[in-house]
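A note on names: the letters A, B, ... follow the listed sequences, proteins ahead of strands, and every chain is numbered from 1.
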Number of protein chains: 6
Amino acid sequence: MRTAIFPGSFDPLTQGHVDIISRASNMFDKVYAAIGCNSQKKPLFPLEKRQAWLQTVFAQNPSVEIVTYEGLTADFCKRNNIHVIVRGIRNGKDFEYEQQMAMANRVICPDIDTIFLVASPALAHVSSELVREIYRLGGNYDLFLPKEIANL
Amino acid sequence: MRTAIFPGSFDPLTQGHVDIISRASNMFDKVYAAIGCNSQKKPLFPLEKRQAWLQTVFAQNPSVEIVTYEGLTADFCKRNNIHVIVRGIRNGKDFEYEQQMAMANRVICPDIDTIFLVASPALAHVSSELVREIYRLGGNYDLFLPKEIANL
Amino acid sequence: MRTAIFPGSFDPLTQGHVDIISRASNMFDKVYAAIGCNSQKKPLFPLEKRQAWLQTVFAQNPSVEIVTYEGLTADFCKRNNIHVIVRGIRNGKDFEYEQQMAMANRVICPDIDTIFLVASPALAHVSSELVREIYRLGGNYDLFLPKEIANL
Amino acid sequence: MRTAIFPGSFDPLTQGHVDIISRASNMFDKVYAAIGCNSQKKPLFPLEKRQAWLQTVFAQNPSVEIVTYEGLTADFCKRNNIHVIVRGIRNGKDFEYEQQMAMANRVICPDIDTIFLVASPALAHVSSELVREIYRLGGNYDLFLPKEIANL
Amino acid sequence: MRTAIFPGSFDPLTQGHVDIISRASNMFDKVYAAIGCNSQKKPLFPLEKRQAWLQTVFAQNPSVEIVTYEGLTADFCKRNNIHVIVRGIRNGKDFEYEQQMAMANRVICPDIDTIFLVASPALAHVSSELVREIYRLGGNYDLFLPKEIANL
Amino acid sequence: MRTAIFPGSFDPLTQGHVDIISRASNMFDKVYAAIGCNSQKKPLFPLEKRQAWLQTVFAQNPSVEIVTYEGLTADFCKRNNIHVIVRGIRNGKDFEYEQQMAMANRVICPDIDTIFLVASPALAHVSSELVREIYRLGGNYDLFLPKEIANL
């Protein structure tokens, strides 16, 4: 069985995340949507809410499994025998950050590889960081969330 | 009457801001130099000082009007019937950030558009962030401010 | 009257060009869609076809005027008293090329300025160069042309 | 059976190509190393040589199959029921070009997706274009070819 | 005597820093490895440890001298009659940040110039920031440190 | 004696080239301004003219020596015991091209290193390619040449 992982903090879940995870689930038998829980980074939305969003959106997709983990993504992959990390890229700046992470992960564990999918054009402006900024400024951030969870 | 807005925190006002606002004022009947006041982001320089700088520099330019606002730029535009946001770009990194903001603003309000002007070459190294860093390290940051306000 | 120019070779006209020219026509009283005719660069599509495409697409938009010119864009602007050049940008690579052109045009003629609009997300993959490549490889390039001209 | 395609002109085959194809062959049951034959682009090395290089290097890897094709990659994928295109990226410039191609391919055929692998750091300087330039200038280009084919 | 400075916070020292300083020491008679001590930025590793790392790694290289300084790099250069700043670059994002700093330093002191070296390919994924992130997540960050100091 | 080389085709010589060579001549005892003569690339301006330009501009700078060479820059460096190549960079796109060349040169000859200088802001828009384009379109390209040679 070919498995892959899409790690993230999903703070909040965006249409961009849903796009990448769905497309990856066409390529692999199982894709873990893995919520990284890092005690030092304080999320805007509670873990329970982020789990619920992913469960709601992927309820009908049996290839997607929602999990949580602590520590390095590479260490979680080793413990769970996962060899492919999936990441989405919107632009050249994203790419350069992700390139460093992918290279570092191969140093930590040489048999883990990372594949990148390009964000669908209509979603290329959506980042969790942007949604958080709109939230903080009192804007209508629901516009940028997946429809299924916009009022969740 | 064709109006546009140049939003920013002007913390501090730089030669780069003055360059872009002046050039935009040649293209539109009125340009709002709009100081975004966001309660969560603590500025280095007080609002009064930032207002005074803009007023001093643009005292002779009747097309430029200094205003302050809270919340999203797009919401301020809607309330004031402004359809064009003006932003300056120095390099490709700036561009990718501004591209996301411009796309997001069109999602929030489809009849607001953003135009970009390229920073004049001699000013391309000046960012407010850089001036703040020089200030914090005890350097002579006046070198990077518009002449009219260098000792204000 | 505020006028602007969108220069290009339109070889072929793409949805991206139409998007930028239409949006610019909301900001200015008149926008010249100006076909640059450079004897040394051999276009794939004949001038007549490129003119017809622009005329068809903008038939209902009285703010857009189709013209042709030879030589430098900056020289055409000087002769016709145009002070604003409009260009579209899709990504950071586009930006760096356009930045150099904008700076050079200001050296040639200091009172000509260039403004940039960001390509609408759904059109960010469309360049004339790409359409020409698909054409040469025998692919269905009509998919990438504006609907009004797809079979023209 | 999960299949993918790595399209290219392999003019010449580089260590970078070999790295990406090998890593992709760990993720899919079959990877086509597909030599695009475009009558308008004149290659430096003859097709026979490029085929022989690929066959030599991947002789021991049963997951890799060498094929040739004409026309668009997306059309070849449709005819052969391939849904994943694999491409390597070395830097942000590569990314922006590949991003446009990936988006265009999804317009041509919505159920074809493209995944990107980052070139291994030690190979990030190797492009076919560079090797051709060294060849033309009379330099020792064997240094940049996979060891198995360096004197082929 | 030709001298240069490689300023940094070395928090921690990485293989990338060692690579750039060593290569610079082939080009100049003396290279200062200068630890910037900025009271506002709290480092992860104490100054003593960062000094000890540099001293251990460059013990055999008489051209490298380890120093500490406060305030602006340009002010330290002026006080010590240093005219060349050396910086390493890994990718386009690094470049744009460093370009601004280099331009700003020439405004502060016109006879200080900055030269850039490209990170060696095998080290291009290593940044202090990345190592700090791995440290915080409980990963094995020794993998990314120079061998001489990995257990120091 | 510390020597360096600034290789180029100088087709034509620009203010940008002069800026970089002059600044490099402050850092090294001798800087070769080396005109690469590649039989396959047809220059716009004859070799004699390009040599005369360099000689005129650097007549008063005894550290600069004008030479011509064929083949790879790295091979010329090896024959002449030169260990440092100097290149100018204007933006991120330039950087990525130059990064590949620098890495490739170290593969060809490990003891040749490349240093980069950032183009002075006021000159960042000037490339030989741009000047050639202005020349071909009948524009006043003298505006972009060093003053000493503008009518040479």
Side-chain angles (χ1 to χ4, degrees), chain B residues 8-20 41-45 87-102 116-151, chain E residues 5-11 32 34-43 47 67-80 82 85 87-116 118 124 127-129:
Chain B
S9 41
F10 305 104
D11 186 34
L13 179 66
T14 66
Q15 295 169 324
H17 297 137
V18 175
D19 171 52
I20 302 292
K41 222 171 155 186
K42 218 175 144 52
L44 187 61
F45 296 97
R87 296 290 293 158
I89 305 187
R90 281 169 310 230
N91 54 35
K93 194 176 57 166
D94 273 10
F95 169 72
E96 294 187 338
Y97 173 78
E98 296 290 346
Q99 181 183 35
Q100 283 205 340
M101 287 305 300
F116 298 99
L117 278 77
V118 173
S120 292
L123 307 173
H125 55 283
V126 180
S127 71
S128 290
E129 196 183 348
L130 179 87
V131 180
R132 287 197 302 272
E133 196 172 326
I134 292 171
Y135 173 93
R136 286 194 194 102
L137 290 168
N140 179 13
Y141 68 98
D142 272 359
L143 282 170
F144 296 91
L145 300 188
K147 257 173 276 156
E148 301 91 325
I149 67 162
N151 296 302
Chain E
I5 185 173
F6 182 92
S9 40
F10 305 103
D11 186 35
Y32 290 101
I35 309 175
C37 301
N38 175 352
S39 61
Q40 302 190 306
K41 221 171 155 186
K42 221 179 140 50
L47 177 59
V67 293
T68 62
Y69 71 104
E70 290 184 19
L72 289 182
T73 304
D75 289 337
F76 179 78
C77 290
K78 275 199 268 188
R79 286 195 304 271
N80 291 277
I82 301 167
I85 298 172
R87 297 290 292 158
I89 303 187
R90 280 168 311 228
N91 54 35
K93 193 175 58 165
D94 273 10
F95 170 72
E96 293 187 338
Y97 173 79
E98 295 291 346
Q99 180 183 36
Q100 283 205 339
M101 286 305 301
M103 288 175 178
N105 280 328
R106 290 185 73 197
V107 170
I108 296 172
C109 184
D111 61 351
I112 296 176
D113 214 334
T114 303
I115 65 171
F116 298 99
V118 172
S127 69
S128 290
E129 196 182 348

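Minimum heavy-atom separation, Ile5(E) to Ala34(E): CD1-CB, 3.6 Å. Between Leu72(E) and Gly139(B), the closest heavy-atom pair is CD1-CA, 3.5 Å. Closest of all the heavy-atom pairs between Pro12(B) and Phe45(B) is CB-CE1, 3.7 Å.
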Between chain E and chain B, are any donor-acceptor pairs under 3.5 Å, and how far apart is each one to 0.1 Å?
unit_1	atom_1	unit_2	atom_2	d
Glu96(E)	OE1	Lys93(B)	N	2.7
Glu96(E)	OE2	Gly92(B)	N	3.0
Gln100(E)	NE2	Ala124(B)	O	3.4

Under the side-chain contact (heavy atoms from CB on, under 4.5 Å) criterion, do Val67(E) and Phe76(E) qualify, and how do the steps go?
CA-CA 11 Å; Val67(E) 293; Phe76(E) 179 78; 4.0 Å; yes
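Side-chain contact between Ile82(E) and Ile112(E) is absent, with no heavy atoms from C-beta onward closer than 4.5 Å.
Rounding to the nearest 0.5 Å gives a distance of 4.0 Å between CD1 of Ile134(B) and CZ of Phe144(B).
Of the residues considered (Leu130(B), Val126(B), Leu137(B)), Leu137(B) shows the highest number of contacts with chain E, using heavy-atom pairs under 4.5 Å.
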